[in-house]
Amino acid sequence: MKGKRTKISDISKNPDEQLLEIMSKDLMPLPYPCDRLDKELPVKPLTEEQKDRYECSLDGVSAIVLPKPKSKEEEDKLVQSFLSGLKKLLSKEDNWTFLQPLILSLEYCAKCLNCSEECQIYLASGQQEIYCPTYRSEVLRRIIKKYLHKGNKAFSKFTEGDIELNWTAIARLAELAYRCPGCRRCAQACARGVDNGLITRELRKLFSQEMGIAPKELHELGTVQQLKVGASTGISPKAFKNIVQFMEEEIEEKTGKRMKIPIDREGADILLMHNSGEFFSWPENPEAFAIIFEAAGLSWTLSSELAGYEATNYGVWYDDIQLARIALKQSEIARKLKVKKVVIGECGHATKAMIVIADRVLTGEANIPRESCLPLLADLVCNEKLKLDPKRNDFPVTLHDSCNIVRLMGIVEPQRRILREICPQFREMEPHGVDNYCCGGSGGFAIMSSMNFTDWRTAVAGRMKMKQILEAFQDVISPEIKKYVCATCSNCKGQLRDLFNYYDAWEKCGILYGGIAELIVNAMVDIKEPFIRWEWH
Amino acid sequence: MKVARMPIHLRWELYPVTHDRGYKYGGSYFEELEWWTKPLQKSRIRSIIYLLKQYLFFWKYFQRNKGYWFGLYPWHTGFYLIVSFHILSFFGALAIVVAGLSIAADSVSMLGRTIYYLTLVVAVGSFILGSVGSIGLLVKRLADADLRAYASPMNYFNYLFFLAVFLSGLIAWYFFDPSLSGYREFWKSLITFRYMDVEPATYTHIMLFSLFLIYLPFTRSTHYITKILAFFWVRWDDAPNVKGSEIEERVKEALNQPVSWSAPHIQTGKKWSEVAKGLPEDTAGVER
């Protein structure tokens, strides 16, 4: 370990001092042309007023904007609430959803630290101990052993090591739960099947479901907004219809094709659901899907019903109850429309949530067929159901694998078959596939921008991905050569956008990011003008 | 048992899943178009072979952490062998009592000679490997500052205790009982309920080994069994929920349980199935 060594018991000590100060000189170096240190402090410090009001003594970063308690009584109440939540987390009634995997991870860690070498955040930070996957889990284990298991406290010190539970420990643990994107690379490395990504997720659940503590972007402005307004982006059903109209106009302007995007078409084969962020930030992606589906003659529809045009399910990151609510709502909408299947657009967590995590929540009639868009697109491209010319995509392309799609769902080849077919200069990042590195935006990070968290997720969480991208394009790194990072996930695109801003990727290297649907449409022979516009950067 | 009896959980698989056809690169059945219309192909043999490789060779450790592996592998091999040695001693004693077999280097019976030499090789192998492994793990844990930071006093106690078990066997064999007949005598005395004189050094090892077996379930050593559960029931549990299946029945049971989480967005006290219908303000008028 090269970074600052922090004892596990330090988590509850010295509340007025940061456990870690993040400095550029400690971070993992990047290749050319991002190899020079421009800022001494890669993360903008909070103001004095912010430091007074909010908890930030972990590393000077505030991810969840956690207000400091105003009195000792309030602190004690919060500590009791935490312990109450911890008991529920370990109970089969309250946590049947993940109890068995959690216990298997909590109780059988060999503390061999094989996992630490796989954690990109730990590596990118310069191997700072607080970001070591085992660190967070060990804090929790010691708390459980000392405060939940009946028995001699001295014995728990002998078996697990010492820790004190106070508000400082809890506040730092709450923040630390949002320093792991849940990419589960650490879990892959574990010979015993221990999953530190799961432990982190369960910690987040404890804070949300018992204490009501969660990032605003995930909860109030995320899942709650989705259930109340219709989308995590706040798009209402009426606004959605307007957006679709705008998309139709754009499609005609860009391609000359006049089309009516089907909405609420009952009995269609496919209900296509996008991450609503696409409509706001990257309308070219849902436009591309519309163009492809119409060209292929598919029977499909979008839904304008509340929550029907929103594929996301942020509950997958922090709250089982919100997860279930959203999954059931989405299923209800699909059943109402009597579609044959739901196809999820390019969004990693939405695909994983709807198809895998929520699979057992959808019982009886709620269990409707659901699939990722990638096998469908691969079928259209590779079985020549679309007329495509790969020469139209003759620029360097690399693929960023979304963790949720590859490591958490095993969808690895379809997107590669597409890119090999339509991108003559496709090259892989190393490592890739199920061994990929997270973009640093998983686990909700990509949409969390409060306080100085964006700086942290670009400077630290996304650093390894930036390194990979630069290495993949090192032979064509000049900004004169325009390059494309294909990311089959909305949140990954959000993170890449922020990463490229932070590291001046367009100015220094001419790198653009986008989805796979855009590349397909860009290759379509009957569309005169290039669909991908480099000025999208 | 506690873990085995826990309720069904939501899916949490991790790829590569070894039983999948695309396991070499981590591909799953989700790569198929309309995967639910296609038969799922699984290779349980491949999963079993994968786990056997881990149990016998600790392949993951060898790939990622050779320094740790150099202590871990001999220790575990010593463990398998020491258990085998005591089982061989028991069967050796049984053969003597029941069949009157002579178990010695100069036994007229080939079976007798085989049991003798096999017991010797297994025992000595276990004592040496186990001792080397225990010392190796202890030194690694002490010398590596990263590992040391996560070690508890119990870790060190365990390494020393394990070392005492293996070393006591080595000492007893080398100085006092080179033929290991003392162990067969011990088992004979248990089988026949007759007292037999056993070397104190041999007896010490037997006592330490017995304590070792009693102590083991109270350590994390039950990972031997829970590892199988972690892989088969979590990591590789990609079985889809099908209408009318056992999975669905078990989930419905779980959904009937009351929720006691206290956050404002949760209707504390109601069943999971009710809470999942929507936000409190949206389900206030909804009948149970």
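No hydrogens, no waters, no symmetry mates; every other heavy atom, side chains included, goes into these values. Note on naming: letters A, B, ... go to the chains in the order of the sequence lines (proteins, then strands), and numbering restarts at 1 for each one.
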Please check: side-chain N/O of A/Gln100 versus main-chain N/O of B/Val3, any donor-acceptor pairing under 3.5 Å? yes
Need one label for A/Ile213: side chain, backbone, both or neither, based on atoms under 4.5 Å from any heavy atom in chain B. neither
Picking from A/Asp195, A/Leu374, A/Asp162, which has the most non-hydrogen pairs under 4.5 angstrom with chain B? A/Asp195
Measure B/Val242 against the heavy atoms of chain A and call it side chain, backbone, both or neither at under 4.5 Å. backbone
Quick check against the 3.5 Å criterion: does B/Glu248 have a side-chain atom that pairs as donor or acceptor with the backbone of A/Gly364? yes
At a heavy-atom separation under 4.5 Å, does A/Asp319 approach chain B through its side chain, its backbone, both, or neither? side chain
Within 6.0 Å of CH2 in B/Trp59, more than 12 heavy atoms from elsewhere: no
Between A/Ala110 and chain B, which part of the residue has a heavy atom less than 4.5 Å away: side chain, backbone, both or neither? both
What distance do A/Asp379 atom CG and B/Leu33 atom CG have between them, rounded to the nearest 0.5 Å? 5.0 Å
Okay, side chain of A/Asn367, backbone of B/Asn241: is any donor-acceptor separation there less than 3.5 Å? yes
Do side-chain atoms of A/Lys111 reach the backbone of B/Arg148 as a donor and acceptor pair under 3.5 angstrom? no
Donor-acceptor check, side chain of A/Arg360 to backbone of B/Val251, threshold 3.5 angstrom: yes or no? no
Checking heavy atoms, do the side chain of B/Ile8, its backbone, both or neither come under 4.5 Å from chain A? both
Side chains of B/Val275 and A/Arg325: closer than 4.5 Å at any heavy-atom pair? yes
Is A/Arg201 close to chain B through its backbone or its side chain, or both, or neither, when contacts mean heavy atoms under 4.5 Å? side chain
Non-hydrogen side-chain atoms of B/Ile247 and A/Asp359 separated by less than 4.5 Å: no
Part of B/Arg250 lying under 4.5 Å from any heavy atom of chain A: neither
Before giving the answer on side-chain contact (heavy atoms from CB on, under 4.5 Å), spell out for A/Arg192 and B/Gln54 the whole-Å C-alpha distance, their side-chain angles and the decisive distance to 0.1 Å. CA-CA 9 Å; A/Arg192 290 191 179 187; B/Gln54 300 303 323; over 6 Å; no
Heaviest contributor of heavy-atom pairs below 4.5 Å to chain B, chosen from A/Pro414, A/Ala189, A/Gly212, A/Gly433, is A/Ala189
Hey, are the side chains of B/Tyr150 and A/Cys112 touching, using non-hydrogen atoms and a 4.5 Å cut-off? no
A/Glu210 backbone acceptor or donor facing B/Ser262 side chain under 3.5 Å: no
Pairwise distance OH(B/Tyr25) to CZ(A/Arg416) - rounded to 0.5 angstrom: 10.0 Å
Which value, rounded to the nearest 0.5 Å, describes the distance between B/Ser152 atom OG and A/Arg141 atom CZ? 11.5 Å
With only heavy atoms counted, which part of A/Glu332 is less than 4.5 Å from chain B, the side chain, the backbone, both or neither? neither
Rounded to the nearest 0.5 Å, what separates atom CE in B/Met6 from atom CD1 in A/Ile103? 4.5 Å
So, the part of A/Lys7 with a heavy atom under 4.5 Å from chain B: the answer is neither
Relative to chain B, which segment of A/Leu376 carries a heavy atom at a distance below 4.5 Å: side chain, backbone, both, or neither? both
Please state whether the side chain, the backbone, both or neither of A/Ser208 comes within less than 4.5 Å of a heavy atom of chain B. both
Indicate yes or no: at least one non-hydrogen side-chain atom of B/Arg11 is less than 4.5 angstrom from one of A/Ile357. no
Portion of B/Trp36 that has a non-hydrogen atom of chain A nearer than 4.5 angstrom: side chain
To the nearest 0.5 Å, atom CD of B/Glu34 lies from atom CZ of A/Arg370 at 13.5 Å
Evaluate the side-chain proximity of B/Arg5 to A/Lys92: yes if any heavy-atom separation is below 4.5 Å, no if none is. no
Does A/Arg184 come within less than 4.0 Å of B/Glu13, counting only side-chain N to carboxylate O? no
Is it the side chain or the backbone of A/Leu408 that comes within 4.5 Å of chain B heavy atoms, both, or neither? both
Can you give me the closest heavy-atom contact between A/Asp94 and B/Pro258, atom names plus distance? OD1-O, 4.1 Å
Contact class of A/Ile326 relative to chain B, heavy atoms under 4.5 angstrom: neither
Nearest heavy-atom contact between B/Phe231 and A/Ala191 is CE1-O, 3.6 Å
On a heavy-atom basis, which atom in B/Phe30 and which in A/Pro375 lie closest, and how many Å separate them? O-CG, 3.4 Å
Can you measure from CE (A/Met409) to OH (B/Tyr29) and round to the nearest 0.5 angstrom? 8.5 Å
Verdict with supporting geometry, A/Leu328 and B/Lys277, side-chain contact (heavy atoms from CB on, under 4.5 Å): CA-CA 8 Å; A/Leu328 285 167; B/Lys277 283 195 173 107; over 6 Å; no
Answer with side chain, backbone, both or neither: which region of A/Gln322 has an atom nearer than 4.5 Å to a non-hydrogen atom of chain B? side chain
Any idea which heavy atoms bring A/Leu206 and B/Trp261 closest together, and the distance? CA-CZ3, 4.2 Å
Side-chain contact, heavy-atom cut-off 4.5 Å: B/Tyr15 with A/Ile411? no
By a 4.5 Å heavy-atom criterion (distance strictly below it), what part of A/Val224 contacts chain B: side chain, backbone, both, or neither? both
More than 12 foreign heavy atoms under 6.0 Å from CZ of B/Phe57: is that the case here? no
Is A/Arg5 salt-bridged to B/Asp146, cutoff N-O under 4.0 Å? yes
Does any N or O in the side chain of A/Lys88 come within less than 3.5 Å of the main-chain N or O of B/Ser260, such that one atom is a donor and the other an acceptor? yes
Heavy-atom side-chain contact between A/Gln188 and B/Pro16 under 4.5 Å: yes
Under 4.5 Å from a heavy atom of chain B, the part of A/Glu413 involved: both
Shortest non-hydrogen pair, A/Trp96 vs B/Pro7, comes out as CB-CG, 3.7 Å
Checking heavy atoms, do the side chain of A/Thr363, its backbone, both or neither come under 4.5 Å from chain B? both
Determine the minimum heavy-atom distance between A/Asn114 and B/Lys60, stating which atoms define it. ND2-O, 4.2 Å
